[in-house]
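Quick notes on the structure that follows.
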Amino acid sequence: MDGPPSPAGEIILTPDGSRTALSVRFGEGYGSRHGAAAQARHVFVEGTGTHLHPAPRVLEVGFGLGVNFRATLVEAARRGVPLDYLAFEFDPAPVDVLREVAAGGEGSDHPAWPALLGGWGRQSLLTVRTEAVSLTVQVADVLAAPLPENWATALYLDGFSPTRNPEVWTPAFLARLARSLAPGGTLATYSAAGHVRRALGAAGLPVEKRPGPPGKRECVRATRRTGP
Ligand SMILES: C[S@@+](CC[C@H](N)C(=O)[O-])C[C@H]1O[C@@H](n2cnc3c(N)ncnc32)[C@H](O)[C@@H]1O
């Protein structure tokens, strides 16, 4: 019997040598065609300051193909710091797509990556533990799932663009995400759209525009204040 149709289509080689894939469901790339690894590093890892954090706790909206996870993993491993990573994904791509997109790429030789592939697609709560890494992928609609409160040092908002997937960009959902940040924690995303910046501001997060990754003029980060 055939399984459900794959949400991922054609695999795309991007200019920095990393790969991404086209989403059949959303009609958009999972990562940037101008450099999937570069986007992961610039927008999410560096945008949230995760590359400097002594013990990052990352919350990700849209685990997708795991490109952001691998970029975060190599950075934490390079510095020898522990990593706690919690991601939501409601439409997991087939494991072969994750494997092919990652082949030979950063982080694919870390023990956490084959451990993830080994358990992928089998359960609704996937956990991987290595000496320094704790990864949990919850196969669920993040809009309906309970989120940790005051927890994340970094929040990667990566659920496709506001035009293609407006549900993860509403003021109400962004306010929920803001509450999942620990004081001083930073949310990063590639959309610098005015309504996104206004919703983040209304959620109590001061927003900062930054230069974008290759192919994009701007991206944003928004950091929860440490004080009252
Ligand atoms: C742009 S891709 C993420 C790419 C990913 N971060 C990576 O590093 O490969 C967006 C992902 O968000 C997922 N997604 C979109 N809306 C969601 C929702 N409401 N709940 C959970 N996952 C969602 C999609 O299925 C897709 O895999």
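For clarity, every value in this text was computed on a predicted model and none was experimentally measured. First listed ligand is number 1; within each ligand, the first listed atom is number 1.
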[X] side chain to [Y] side chain, donor-acceptor N/O pair below 3.5 angstrom:
X	Y	value
T189	S191	no
Y190	Q39	no
T186	T223	yes
S124	Q138	no
R57	T153	no

Quick one: ring-ring contact (aromatic ring centres under 6.0 Å, His included) partners of F26, sequence neighbours excluded? F160

One pair per line, please: each N/O atom of ligand 1 matched with every protein N/O atom under 3.5 Å away, atom names first, then the distance to 0.1 Å.
residue: ligand 1; atom: 6 (N); partner: E60; partner atom: OE2; Å: 3.0
residue: ligand 1; atom: 6 (N); partner: G62; partner atom: O; Å: 2.7
residue: ligand 1; atom: 6 (N); partner: N68; partner atom: ND2; Å: 3.2
residue: ligand 1; atom: 6 (N); partner: D158; partner atom: OD2; Å: 2.7
residue: ligand 1; atom: 8 (O); partner: V67; partner atom: N; Å: 3.1
residue: ligand 1; atom: 8 (O); partner: N68; partner atom: N; Å: 2.8
residue: ligand 1; atom: 9 (O); partner: L65; partner atom: N; Å: 2.9
residue: ligand 1; atom: 9 (O); partner: G66; partner atom: N; Å: 3.2
residue: ligand 1; atom: 9 (O); partner: V67; partner atom: N; Å: 3.3
residue: ligand 1; atom: 16 (N); partner: N165; partner atom: ND2; Å: 3.0
residue: ligand 1; atom: 19 (N); partner: D141; partner atom: OD1; Å: 2.8
residue: ligand 1; atom: 20 (N); partner: V142; partner atom: N; Å: 3.0
residue: ligand 1; atom: 22 (N); partner: F90; partner atom: N; Å: 3.2
residue: ligand 1; atom: 25 (O); partner: E89; partner atom: OE2; Å: 2.6
residue: ligand 1; atom: 27 (O); partner: E89; partner atom: OE1; Å: 2.6
residue: ligand 1; atom: 27 (O); partner: E89; partner atom: OE2; Å: 3.2

